[in-house]
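The structure under discussion appears below in the form of structure tokens.
All figures in this text were calculated on a predicted structure; none of them were measured in a lab. Position 1 is the first residue of the sequence; numbering continues from there.
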Amino acid sequence: MKYPKITILLGLLLFAITACQPQQGELPFETIAQGDGFYTGRGYGEEEPNLLIIAGPDEIDKPGLDIQFPLEVADQLRHLDYDRFFAVLVLQGLKAQGGYSVTVQRIVRQDDQINVYVEFNSPEPGTRRIQAFTSPYHLIAVSKRGEWRQQIRFVLVTNSEKVAETSHFIP
């Protein structure tokens, strides 16, 4: 009869140890929208890269950074299941011409920090480009697998260099 108690005790101990392990690993994501600017809303007007986190539907109308989402993007964000996902908007920064783009490549969590790895693309030399201000972006839905309900530090990384960071509570 001693063996079942020991088995139960070891099982509880193993559960406690694994529950306290750091949350880490690559997080799956999918694209919501991607383009070279919000032309039916207010776009990002700063020159440096940045990122914005949307953790719930109450953050859509006033997300920050003086951005206003176009109606179709706001509708997509309103239909996101925030129990299972949160959104990340990566901004390349204001450009004086077209041909620029940003692509999220990986999202990696290490405890209370998430690194967002991106590729910023510039137009090839000598290619024709539109002569208009653009503000390239990539908006993604990130899976909330694992434990959350804490303040998370988000770091934007390109070419192994940290270019922006922000902090946001993820419910």
In Å, rounded to the nearest 0.5 Å, how long is the span from [atom1] of [X] to [atom2] of [Y]?
X    : Y    : atom1 : atom2 : value
S143 : E30  : OG    : CD    : 9.0 Å
Q92  : T134 : CD    : OG1   : 7.5 Å
R153 : S167 : CZ    : OG    : 8.5 Å
E147 : D112 : CD    : CG    : 14.0 Å
I170 : Q150 : CD1   : CD    : 9.5 Å
Q24  : R109 : CD    : CZ    : 10.0 Å

**OP:** Can you run down the salt bridge (Lys or Arg N to Asp or Glu O under 4.0 Å) pairs that involve residues 54-76, sequence neighbours left out, and say none if there aren't any?
**Re:** R42-D66, D61-R78, D75-R78
Looking only at non-hydrogen atoms, find the nearest pair between [X] and [Y] and report the distance.
X    : Y    : result
V118 : T158 : O-OG1, 3.2 Å
P171 : K144 : O-NZ, 2.7 Å
P49  : A164 : O-CB, 3.7 Å

Original post:
Can you name the residues that form a side-chain hydrogen bond (donor to acceptor under 3.5 Å, both in side chains) with E26, not counting sequence neighbours?
Top reply: R106
Subject >> All side-chain hydrogen bond (donor to acceptor under 3.5 Å, both in side chains) counterparts of N115, not counting sequence neighbours >> reply: Q113, Y117
Original post:
Quick one: side-chain contact (heavy atoms from CB on, under 4.5 Å) partners of S101, sequence neighbours excluded?
Top reply: N121
Cluster check [X], [Y]: I/L/V/M/F/W/Y, side chain < 4.5 angstrom:
X    : Y    : value
W148 : V88  : yes
V90  : I140 : yes
V155 : I152 : no
L27  : I53  : yes

Subject >> Donor-acceptor contact present, side-chain N159 to main-chain E161, <3.5 Å >> reply: no
**OP:** Give a yes or no on whether the backbone of V102 and the side-chain of Q34 come within a donor-acceptor separation of less than 3.5 Å.
**Re:** yes
**OP:** Evaluate the side-chain contact (heavy atoms from CB on, under 4.5 Å) criterion for residues T31 and H138: first the C-alpha distance (whole Å), next the side-chain angles of each, then the deciding distance (0.1 Å), finally the verdict.
**Re:** CA-CA 7 Å; T31 296; H138 192 179; 2.7 Å; yes
Original post:
Taking the hydrophobic residues Ile, Leu, Val, Met, Phe, Trp and Tyr, and joining any pair whose side-chain heavy atoms are under 4.5 Å apart, which ones share a cluster with L77?
Top reply: I32, F38, Y44, L52, I54, I60, L65, I67, F69, V73, L80, Y82, F85, L89, L91, Y137, L139
**OP:** Determine which pairs satisfy ring pair (Phe, Tyr, Trp, His ring centres under 6.0 Å) with at least one residue from residues 149-171, sequence neighbours left out, and list them in order.
**Re:** F86-F154
